[in-house]
Amino acid sequence: MRDNLFEIVEDPISVESLIEKVEDRNAGAITTFIGTVREITGEKKTVYLEYQAYKPMAEKMLAQIGGEINQKWPDTKVAITHRIGSLDISEIAVVIAVSSPHRKPAYQANEYAIERIKQIVPIWKKEQWEDGEGWIGDQQENVPYPTGKPDIKDEDND
């Protein structure tokens, strides 16, 4: 199965199906990254997470990352699936599978993929903590969205 290499899904992700998508007779290595929902972040205890995405754009950006990887590491094959919806602790949020003839490009391309997802893919995360909730503004977790949306200032009134 080689269809749908870059997907946003609402159902649990099958790691095996992503591995099958990148299997190749000339591959000597397949790396997988499995991003899961953690319970403790800093001093806060997460109860569950909610991911939302603008699916058509998010899948387009995942495919762009695949294209970037193919340019940087020409002999690799990559598949990426990210889940949206409500996820409990330890559930899989994202899986990246990369195959290549040798292990180093597979490791490098896999790390590149998760960093690029955090940089460019429009996926938003809402943390449900024991004592409240909060939207995480960007995947790099550098920008908080305490009101659930970006703080856009009206330039005419500034």
Side-chain angles (χ1 to χ4, degrees), residues 1-42 44-128 134-145 150:
M1 173 191 279
R2 303 239 181 239
D3 296 344
N4 301 323
L5 293 174
F6 308 101
E7 292 183 288
I8 301 294
V9 300
E10 295 180 27
D11 296 320
I13 300 170
S14 164
V15 177
E16 293 300 322
S17 74
L18 266 79
I19 292 171
E20 289 174 10
K21 290 178 182 181
V22 300
E23 284 179 337
D24 188 289
R25 294 176 59 89
N26 295 313
I30 297 176
T31 61
T32 56
F33 172 81
I34 304 169
T36 59
V37 176
R38 70 175 166 264
E39 184 173 41
I40 303 295
T41 302
K44 290 199 172 238
K45 183 175 182 179
T46 299
V47 178
Y48 66 89
L49 289 181
E50 181 181 333
Y51 287 99
Q52 293 185 4
Y54 175 54
K55 189 174 176 178
M57 180 58 76
E59 289 179 334
K60 182 177 177 181
M61 300 311 286
L62 293 176
Q64 178 182 317
I65 293 167
E68 291 171 5
I69 287 172
N70 291 144
Q71 284 191 334
K72 288 180 172 285
W73 298 278
D75 295 328
T76 59
K77 292 184 179 178
V78 61
I80 305 170
T81 299
H82 201 296
R83 187 172 169 196
I84 58 173
S86 181
L87 281 71
D88 291 324
I89 303 303
S90 298
E91 284 196 283
I92 296 172
V94 61
V95 177
I96 303 165
V98 179
S99 68
S100 69
H102 304 285
R103 68 181 178 274
K104 192 169 184 177
Y107 280 123
Q108 292 172 327
N110 207 310
E111 182 177 13
Y112 179 86
I114 191 64
E115 296 305 324
R116 288 294 284 158
I117 289 170
K118 290 179 175 282
Q119 290 171 345
I120 69 169
V121 180
I123 297 172
W124 301 276
K125 179 171 68 175
K126 184 178 185 180
E127 293 259 7
Q128 182 63 51
W135 284 97
I136 306 300
D138 64 21
Q139 288 284 314
Q140 294 176 317
E141 301 185 12
N142 294 327
V143 180
Y145 287 178

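For the numbers below, each heavy atom of this structure counts, side chains included, while hydrogens, waters and symmetry mates do not.
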Nearest 0.5 Å, what's the [atom1]-[atom2] distance between [X] and [Y]?
{"X": "Asp75", "Y": "Asn26", "atom1": "CG", "atom2": "CG", "result": "8.5 Å"}
{"X": "Glu91", "Y": "Leu49", "atom1": "CD", "atom2": "CG", "result": "10.0 Å"}
{"X": "Lys21", "Y": "Phe6", "atom1": "NZ", "atom2": "CZ", "result": "9.5 Å"}
{"X": "Asp88", "Y": "Tyr48", "atom1": "CG", "atom2": "OH", "result": "9.5 Å"}
{"X": "Ile92", "Y": "Leu18", "atom1": "CD1", "atom2": "CG", "result": "10.0 Å"}
{"X": "Ile114", "Y": "Gln119", "atom1": "CD1", "atom2": "CD", "result": "11.0 Å"}

Closest heavy-atom contact between Ser86 and Arg83?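 Smallest interatomic distance, heavy atoms only, reads O-NH2, 4.1 Å.
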Return a table of donor-acceptor pairs under 3.5 angstrom between the side chains of residues 52-66 and protein atoms on other chains or two or more places apart.
{"from": "Gln52", "atom 1": "NE2", "to": "Glu50", "atom 2": "OE2", "distance (Å)": "2.8"}
{"from": "Lys55", "atom 1": "NZ", "to": "Ile8", "atom 2": "O", "distance (Å)": "3.4"}
{"from": "Glu59", "atom 1": "OE2", "to": "Ile8", "atom 2": "N", "distance (Å)": "3.0"}
{"from": "Gln64", "atom 1": "NE2", "to": "Glu68", "atom 2": "OE2", "distance (Å)": "2.9"}

Are side-chain heavy atoms of Glu23 and Ile30 found at a separation under 4.5 Å?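 Side chain of Glu23 against side chain of Ile30, heavy atoms only: contact under 4.5 Å found.
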For a 4.5 angstrom cut-off between non-hydrogen side-chain atoms, does Val78 reach Leu5?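 No; the side chains remain at least 4.5 Å from each other.
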Is it true that Asp24 and Ser99 share a donor-acceptor pair across their side chains at a distance under 3.5 Å?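 There is no such pair (donor and acceptor under 3.5 Å, judged by atom type) between the side chains of Ser99 and Asp24.
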Side chain of Thr76, backbone of Val98: donor and acceptor closer than 3.5 Å?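 Checked: no pair found.
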Hey, is the main chain of Ala97 close enough, under 3.5 Å, to the side chain of Asn110 for a donor-acceptor pair?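 Flag not set: sc Asn110 to bb Ala97 has no pair under 3.5 Å.
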Identified side chain to side chain contact (heavy atoms under 4.5 Å, CB included) counterpart of Thr81 within the set Asn4, Val15, Ile13: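 Going through the options one by one, the only one that passes is Ile13.
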Does atom CD of Glu39 have more than 12 heavy-atom neighbours from other groups under 6.0 Å away?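 More than 12 heavy atoms, drawn from other residues, nucleotides or ligands, come within 6.0 Å of this atom.
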